[in-house]
Every structure is written in C-alpha cells, then in structure tokens.
Amino acid sequence: MENNQNIKWHKQSVTKLDRQKANNHKSFVIWFTGLSGSGKSTIANVLEVELFKQGVQTFCLDGDNIRHGLNENLGFTDQDRKENIRRIAEVAKLFVNAGVVVLVSVISPFSEDRNEARKLLGNDEFFEVYVKCPLEVCEKRDPKGLYKKAKAGHIKQFTGISQRYEQPTNPELTLDTSKLSVNESVTTLLSYLKKHLERN
Ligand SMILES: Nc1ncnc2c1ncn2[C@@H]1O[C@H](COP(=O)(O)OS(=O)(=O)O)[C@@H](OP(=O)(O)O)[C@H]1O
Ligand SMILES: Nc1ncnc2c1ncn2[C@@H]1O[C@H](COP(=O)(O)OP(=O)(O)O)[C@@H](O)[C@H]1O
C-alpha cells in the first residue's frame, strides 16, 4: 500500500524483555477456542483470578466484550469473523509486548484464522486451548438463550447450528468441559502454564 511506504517503525527503548523482567514472568497469549457455551469465558475468568493472586500481570480479551467496542462494526460472516480474529490477535500482541499474559476467549471457528494468529505471535507466545464440549451439552447449557433463538431461525450463521466450527487439530491443551469441572480445567491450565511463566 502506498501509505505504508511513508510509515517508519520507531524502535522503542523499553523492550518486551525489560517489561518481562520487571514483572518477573514471561508474557504470552492463551487462546481459548470453542463453541458458544463451551466454557471459554468462565474458565478464562477463574484462571485470571488465580494468576492475579499469584501477582501475574493479566488481561482478558473476550469476543463478546470486544464486539461492544473495537469490533462493533463486525458481524458473523466468514469475512467479519476473520477480521475480528485478526484485530484481536494484533491487540493481544500489543499486550504481550507490554509484558502481559493475555487470555483471549473467542469462538474463532476457522483453523486458518487461528493459524494466522499463531503465526503473528509465534509458537513460544501462543498457546491454543481447545475448550471442547459436545454441541448437545452447549445447547442444554445455553447460558444466553442464543441456541434457542438460532434454532428458531432468529440468529443467522450461528456457530454449530448454521455455520461450521473447525476443531483444532493440534492444540497445546484440550479441556473437555463435559467431563472436567471449572476448577479441574483451571488446575490443568495452571500446571501447564507454570513452566511457561518462568523467565530463563
Ligand atoms: N451468529 C453467531 N454465532 C456465534 N456467536 C454469536 C452469534 N451471534 C451472536 N453471538 C455471540 O457473540 C459471541 C461470539 O463472538 P466471537 O467474537 O467470539 O466470535 S468469532 O470468534 O468471531 O466467531 C458469542 O459469545 P460466546 O457465547 O461467549 O462464545 C455469542 O454470545
Ligand atoms: N465444566 C464446566 N466448565 C465450564 N463451564 C461450565 C461447566 N459446567 C457448566 N458450565 C456453565 O456453562 C456456561 C458456559 O458459558 P461461557 O463461559 O459464557 O461459555 P463461552 O464463553 O464458551 O460461550 C456457564 O454458564 C458455566 O457456568
């Protein structure tokens, strides 16, 4: 793009490593993907409380919340979901550069978009967590009444009902929330993250 030719990257004196050193832990993204109602936000929220208690600098980027502001102009077509994920990945990267552990909870139904996010962050700073839950269980939970509306035809392109969800093939972690309690999922995550938080 013509504009990009006139834009120069400014190197900043305080680096990501400086910030990680000050925080005494590494920074990275934990990317929760799964169907609506699978438990992404619930688990991310409890995990954040536990990390916060340990003195870890954290921030949650939740799809629903970000669609109230930064992404309020996006809907649920394939193209809009792609742009939603692209922006969230870019924001997550800024937080990682700021030394923060970022908990992203977004359906992110398409493998290609999740892989783009992974590429942007790099394998050392992107941990994909598949919050697995059978559609029937999500429908039964239906915490926001959205499945009921979608099945009645009132919401178009609803993930799992009228739009596809592509399961992750190689996630760092899979949490089956039809089998694990919220606390069990959080304990699994905390033990996985322990070594990743440590600075060399
Ligand atoms: N058509 C359709 N499909 C799926 N979800 C829908 C839809 N319309 C609204 N909602 C609500 O929006 C939340 C999903 O937003 P995301 O940003 O996570 O979606 S995506 O990653 O771009 O696919 C999702 O939040 P969660 O239930 O927390 O997953 C829903 O509350
Ligand atoms: N084992 C479990 N793990 C996570 N959530 C559970 C579990 N059992 C029941 N739930 C409930 O399922 C719902 C999941 O909703 P939410 O966290 O908003 O999902 P998502 O963010 O994936 O849409 C919540 O009401 C939560 O209390």
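Whatever order the structure lists them in is the order used to number ligands and atoms, beginning at 1. The first residue of the sequence shown is numbered 1, and numbering continues consecutively from there.
Counting heavy atoms under 4.0 Å from ligand 1, residue Leu146 touches it through the side chain alone. Residue Ile107 touches ligand 1 through backbone and side chain together, judged by heavy-atom distances below 4.0 Å. With a 4.0 Å cut-off on non-hydrogen atoms, Phe76 touches ligand 1 through its side chain and not its backbone. Only the side chain of Ile155 comes within 4.0 Å of ligand 1, counting heavy atoms alone; its backbone N, CA, C and O stay farther away. Residue contacts with ligand 1 for Ile85 involve side-chain atoms from C-beta outward but no N, CA, C or O (heavy atoms, distance under 4.0 Å).
Evaluated for a side-chain contact (heavy atoms from CB on, under 4.5 Å) with Leu189, the options Val46, Leu103, Leu47 yield exactly one hit, Leu47.
Shown here are the side chain to side chain contact (heavy atoms under 4.5 Å, CB included) partners of Tyr192, two or more places apart in sequence or in another chain: Phe127, Glu172, Leu173, Lys195, His196. Take Phe158 and apply the ring-ring contact (aromatic ring centres under 6.0 Å, His included) test, not counting sequence neighbours, and it matches Tyr147.
If you number the atoms of ligand 1 from 1 as listed, the ones under 4.0 Å from a heavy atom of Lys40 come out as 29 (O). Residue Lys156 has at least one heavy-atom neighbour below 4.0 Å for each of these atoms of ligand 1: 1 (N). Heavy-atom contacts of Leu35 reach the following atoms of ligand 2: 22 (O) (cutoff under 4.0 Å). In the vicinity of Thr159, heavy-atom distances shorter than 4.0 Å reach the ligand 1 atoms 3 (N), 4 (C). Close approach to Ser108 involves these atoms of ligand 1, each under 4.0 Å from a residue heavy atom: 20 (S), 21 (O), 23 (O). Atom numbering of ligand 1 starts at 1 in the shown order; those under 4.0 Å from a heavy atom of Pro109 are 23 (O). Close approach to Ser36 involves these atoms of ligand 1, each under 4.0 Å from a residue heavy atom: 26 (P), 27 (O), 29 (O). Near Thr42, the atoms of ligand 2 lying under 4.0 angstrom from a non-hydrogen atom of the residue are 14 (C), 15 (O), 16 (P), 17 (O), 24 (C), 26 (C). Near Leu180, with a cut-off below 4.0 Å to any heavy atom, the atoms of ligand 2 are 1 (N), 2 (C). Close contacts between ligand 1 and Lys144 involve ligand atoms 25 (O), 26 (P), 27 (O), 28 (O), 31 (O) [criterion: under 4.0 Å to a heavy atom]. Atoms of ligand 1 lying under 4.0 Å from any heavy atom of Gln157, numbered from 1 in the order shown and given with element: 1 (N), 2 (C), 3 (N).
Nearest protein neighbour of atom 24 (C) of ligand 1, counting heavy atoms only, is Asp64 OD1, 4.0 Å. The protein non-hydrogen atom at the shortest distance from atom 2 (C) of ligand 1 is Phe158 CD1, 3.3 Å. The protein heavy atom nearest to atom 19 (O) of ligand 2 is Gly39 N, 3.2 Å. Here the heavy atom of the protein found nearest to atom 25 (O) of ligand 2 is Pro143 CB, 3.9 Å. In terms of protein heavy-atom proximity, atom 4 (C) of ligand 2 is nearest to Val182 CG2, 3.6 Å. Shortest contact from atom 11 (C) of ligand 2 to any protein heavy atom: Arg141 CD, 4.0 Å. Among protein heavy atoms, the minimum distance from atom 3 (N) of ligand 1 is reached at Arg81 NH2, 3.1 Å. From the protein, the heavy atom lying nearest to atom 16 (P) of ligand 1 is Arg67 NE, 3.6 Å.
For the residue pair Val96 and Ser27, the shortest heavy atom distance occurs at O-OG, 2.8 Å. The heavy-atom pair separating Ser41 from Asp62 by the smallest distance is OG-OD2, 2.7 Å. In plain terms, the two heavy atoms of Ala89 and Ala117 that are nearest each other are CB-CB, 3.8 Å.
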Evaluate the side chain to side chain donor-acceptor pair (under 3.5 Å) criterion for residues Asp176 and Ser178: first the C-alpha distance (whole Å), next the side-chain angles of each, then the deciding distance (0.1 Å), finally the verdict. CA-CA 5 Å; Asp176 184 339; Ser178 66; 2.6 Å; yes
Test Lys26 against Asp124 for salt bridge (Lys or Arg N to Asp or Glu O under 4.0 Å), laying out the working first. CA-CA 10 Å; Lys26 283 192 172 166; Asp124 292 351; over 6 Å; no
Pair Asp113-Lys82, salt bridge (Lys or Arg N to Asp or Glu O under 4.0 Å): steps then yes or no: CA-CA 6 Å; Asp113 301 343; Lys82 187 181 190 63; 3.1 Å; yes
Test side chain to side chain donor-acceptor pair (under 3.5 Å) on Thr15 and Asp18; report intermediate values, then the result. CA-CA 5 Å; Thr15 66; Asp18 293 330; 3.1 Å; yes
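Inspection of the Tyr130 and Ser38 side chains reveals no N or O donor paired with an N or O acceptor under 3.5 Å. Judged purely by distance below 3.5 Å, without hydrogens or angles, the side chains of Gln157 and Ser162 never pair a donor atom with an acceptor atom.
The pair Glu136-Lys140 fails the salt-bridge criterion, with no side-chain N (NZ, NE, NH1 or NH2) lying under 4.0 Å from an Asp/Glu carboxylate O. Salt-bridge annotation for Lys93 and Glu90: absent, with no side-chain N of the basic residue lying under 4.0 Å from a carboxylate O of the acidic one. Using a 4.0 Å cut-off between charged side-chain N and carboxylate O, Arg114 and Glu128 make a salt bridge. With salt bridges taken as basic N to acidic carboxylate O contacts below 4.0 Å, one links Lys16 and Glu125.
Assignment of Ser38 to the shell around ligand 2 is supported, since a heavy atom sits closer than 4.0 Å. Ligand 1 has no atom lying under 4.0 Å from any heavy atom of Gln163. Under a 4.0 angstrom heavy-atom cut-off, Gly37 registers as being in contact with ligand 2. In this structure, Ser36 has a heavy atom closer than 4.0 Å to ligand 2. Distances shorter than 4.0 angstrom do not occur between any heavy atom of Val131 and any atom of ligand 2.
Atom 17 (O) of ligand 1 has its nearest heavy-atom neighbour, among Val131, Ile161, Asn84, in Asn84. Relative to atom 18 (O) of ligand 2, the option among Ser41, Ser178, Ser185 with the closest non-hydrogen atom is Ser41.
Taking any N or O of Lys144, backbone or side chain, none lies under 3.5 Å from an N or O belonging to ligand 2.
Between Phe95 and Val91 the shortest side-chain heavy-atom distance falls below 4.5 Å.
Using a distance-only test at 3.5 Å, with no hydrogens or angles considered, no donor-acceptor pair links the side chain of Arg81 to the main chain of Ser108.
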